[in-house]
Asker: 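Okay, handing you the structure first.
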Amino acid sequence: MEGAERHLEPAHDGVRGMIRSLLIANRGEIACRIIRTARAMGVRTVAVYSDADANALHVRQADEAVHIGPSPARESYLVGERIIAAAKTTGAEAIHPGYGFLSENADFAQAVIDAGLVWVGPKPASIRAMGLKDAAKKLMQEAGVPTTPGYLGEDQSPERLKAEADAIGYPVLIKAVAGGGGKGMRRVDAGEDFADALLSCQREAASSFGDDRVLLEKYILSPRHIEVQVFGDAHGNAVHLFERDCSLQRRHQKVIEEAPAPGMDPATRAAICAAAVKAARAVDYVGAGTIEFIADASAGLSADRIWFMEMNTRLQVEHPVTEEITGVDLVEWQLRVASGEPLPKRQEELSINGWAIEARLYAEDPAKGFLPSTGRLEHLALPDDARVETGIEAGDTISPFYDPMIAKLVTAAATRDAAIAGLARACREVECTPVRTNAWFLARLLDQPAFGSGDITTAFISDHLETLIAPPRPSDTLLEYAADDAVFDQTHLSDAYDLPQDFLVERFGFRLNAPSQRTVRLSVDGECRQVAVSDDALHDNSYRPSVIDGPRRIYFEDGAAFSVAPPRFDASATGGAADGAILSPMPGRVIAVEAAAGDSVTKGQKLLTLEAMKMEHSLVAPFDGTVAELNAATGGQVSEGALLARIERAEG
């Protein structure tokens, strides 16, 4: 995107001793992000790709690309041997892991080094030290970094864990020892809920990380997620690049990130950033990393109410906001440090300039429980007045194999208010179809007065969820334009085919010679709408929604897409499964079946658990009744729309 690097400045002139060729062991937007900086530095890039990514944007942008396996990540992007072999085959000198996948795998990092390649990341020993949450917390306690109260013991029996949770006091947080990205984490509010939450957490941890061990932490009731960007080099230097606030989360997944943190006074900033550098030095850290803290914000931010949570030994998804306020290209720093250079700047040379905020644009439908939306992006238009980080273009496909993020949208301004307003505007400008996105949800979130005032915690989204996920509705003006377009279409259709005037009466509920006030009947996303339109209102050029023509017109407004057609042409108005049908909302794998054919069930009772897009989704009974049909088995793969079960309503 033009202007995406407007704040970033080169650290040094020339590339003497610089890595000359780089393999990127990742995909999507982070691969494209790394390619952009590498190309600007004169570094040749090599992409890797799975079957699903054969035509992906990062493959098209790289100087060379190597196929590494089938679509599932465990058979391609998580197979370190194939990635190292690809580097050897293409003559790449170094491997950059991006984030996710193998980025925090110490064994892979060591294998890269043992293969004679440059690892663009921290030392394997540093990754190991911070990779297990319990060991990391103990290390931080020894280094004098404040940590939250909790249990880090070796005894993992359910009885011991329950006793420790009781002693800590509820609510408590169960966290996978080897976890990350919100996986393997459960909040427990009462002792009677602990056993089920522990089992679910252990199962997810084992599936995601191959390690079902957990630790316990006191759950902070007014928490904010504050993290500090740190950077170290091989010459003993370590600096921070200030803090980010990542409190706006859903199910422990970050949604909105900003820098600096609202309400952070200079004294608290100095304390938390100094603690972060101390943490980095404790593990002899080299490269880009993030120290994550949890803050008790019940009485504002204060150094004595901020505790270490964990360290991410990699580049973060939200690194662009730090780049925007510091003017530093963090990927360039990574490549320079990996090449043996000292840090490009000393601590006193780094400062905060303005405000930056980022939103994660996902292929998902917030109005339907944030279910991921897969398929081909027939139309995709992203804003041109924001920094856009993406690995997807119109015509590409959102597959069920990977995280469904379409792009990161970033805006920077002199003030927080201006940065928020710019990002909300950018989210409203997003156009995407037929894949659904969360753009309208993001805009709504940014418009919340409480968010604008900085009154935020990690519970902000859940506290405002009902307002935030209400299905978007087209404005009256959009409906008037749609009605006007329909009138125009059908009038010309009538003339072209010499159809009787009653054709229009039947289809749209008005007559050609009717008074200036007309009522037009339309189907909007399958819902019949009566639209009153006056001749004066039609063709008003003060506002015109973006539109895609087709059998159904697609109108875009405030980040949402609305499908409009005459009711007779709208198959979705009468489509759908019969009453009581439990359909798979997306492609996935059945990981638990908790009912059997013939069972009596109650409304809301869990029937099945589906794993898709790295998340678990529970399917429940829509009403009291009997399981009349069951077409799912544990471990089975299911397609979107598949009939998994059918419930017969209880009589009476």
Side-chain angles (χ1 to χ4, degrees), residues 359 361-371 373 375 377-383 406 424-448 464-491 504 507-510 517-576:
L361 180 68
Y362 277 99
E364 63 184 10
D365 191 347
K368 294 183 178 179
F370 295 90
L371 288 178
S373 180
L377 296 162
E378 302 291 346
H379 175 81
L380 177 66
L382 299 174
I406 293 174
R425 183 170 57 251
C427 291
R428 285 192 285 267
E429 291 173 358
V430 171
E431 298 178 6
C432 185
T433 191
V435 170
R436 300 282 186 176
T437 80
N438 66 338
W440 57 268
F441 166 83
L442 294 171
R444 217 178 263 179
L445 180 56
L446 292 161
D447 287 341
Q448 292 295 308
H464 296 80
L465 193 61
E466 186 174 346
T467 298
L468 293 172
I469 66 170
R473 306 283 289 179
S475 68
D476 290 344
T477 305
L478 184 150
L479 292 176
E480 288 174 358
Y481 265 104
D484 187 22
D485 290 341
V487 171
F488 179 85
D489 286 349
Q490 296 303 316
T491 300
L504 294 174
R507 192 64 54 84
F508 292 102
F510 70 90
Q517 184 74 31
R518 302 174 175 180
T519 299
V520 178
R521 187 161 59 93
L522 298 175
S523 174
V524 181
D525 289 338
E527 178 185 355
C528 188
R529 301 289 299 271
Q530 303 285 342
V531 183
V533 184
S534 67
D535 288 342
D536 291 340
L538 302 182
H539 306 295
D540 178 3
N541 292 321
S542 62
Y543 164 79
R544 175 71 191 180
S546 182
V547 61
I548 297 177
D549 281 323
R552 303 182 193 181
R553 278 195 172 91
I554 306 296
Y555 292 84
F556 298 100
E557 184 178 60
D558 292 338
F562 302 99
S563 174
V564 181
R568 179 174 294 177
F569 295 159
D570 188 2
S572 68
T574 57

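Keep in mind it's a predicted model, so treat the numbers as computed, not measured.
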Asker: Identify the two heavy atoms, one from G375 and one from V435, that lie closest to each other, and give their separation to 0.1 Å.
Answerer: O-CG2, 3.6 Å
Asker: Please identify each residue that fulfils side-chain contact (heavy atoms from CB on, under 4.5 Å) with A439, with sequence neighbours left out.
Answerer: L361, V430, T437
Asker: Which atom pair, heavy atoms only, marks the closest approach of A483 to L522?
Answerer: N-CD1, 3.7 Å
Asker: So, for W440 and A367, which heavy atoms are closest and what is the spacing to 0.1 Å?
Answerer: CZ2-N, 3.8 Å
Asker: Tell me which pairs pass salt bridge (charged side-chain N to carboxylate O under 4.0 Å, His left out) where either residue lies in residues 426-444, with sequence neighbours left out.
Answerer: R428-D447
Asker: Sequence neighbours excluded, which residues qualify as side-chain hydrogen bond (donor to acceptor under 3.5 Å, both in side chains) partners of Y362?
Answerer: none
Asker: Do R553 and D485 have side chains that get closer than 4.5 Å, going by heavy atoms?
Answerer: yes
Asker: Could you grab the distance from atom OH of Y555 to atom CG of L479, nearest 0.5 Å is fine?
Answerer: 9.5 Å
Asker: Enumerate the salt bridge (charged side-chain N to carboxylate O under 4.0 Å, His left out) contacts for residues 468-479, please, sequence neighbours excluded, ordered by first and then second residue.
Answerer: R473-E527
Asker: Looking at every heavy atom in both P383 and A426, which two are closest together, and how far apart are they?
Answerer: CG-O, 3.6 Å
Asker: Counting only pairs under 3.5 Å, give me each side-chain donor-acceptor contact of residues 464-471, with atom names and distances, residues two or more places apart or in other chains.
Answerer:
residue : atom : partner : partner atom : Å
H464    : ND1  : F460    : O            : 2.8

Asker: My understanding is that only residues two or more places apart in sequence, or in another chain, count here; which of them pass ring-ring contact (aromatic ring centres under 6.0 Å, His included) with F370?
Answerer: F441
Asker: With sequence neighbours left out, write down each residue that passes side-chain hydrogen bond (donor to acceptor under 3.5 Å, both in side chains) with R529, or none if nothing qualifies.
Answerer: none
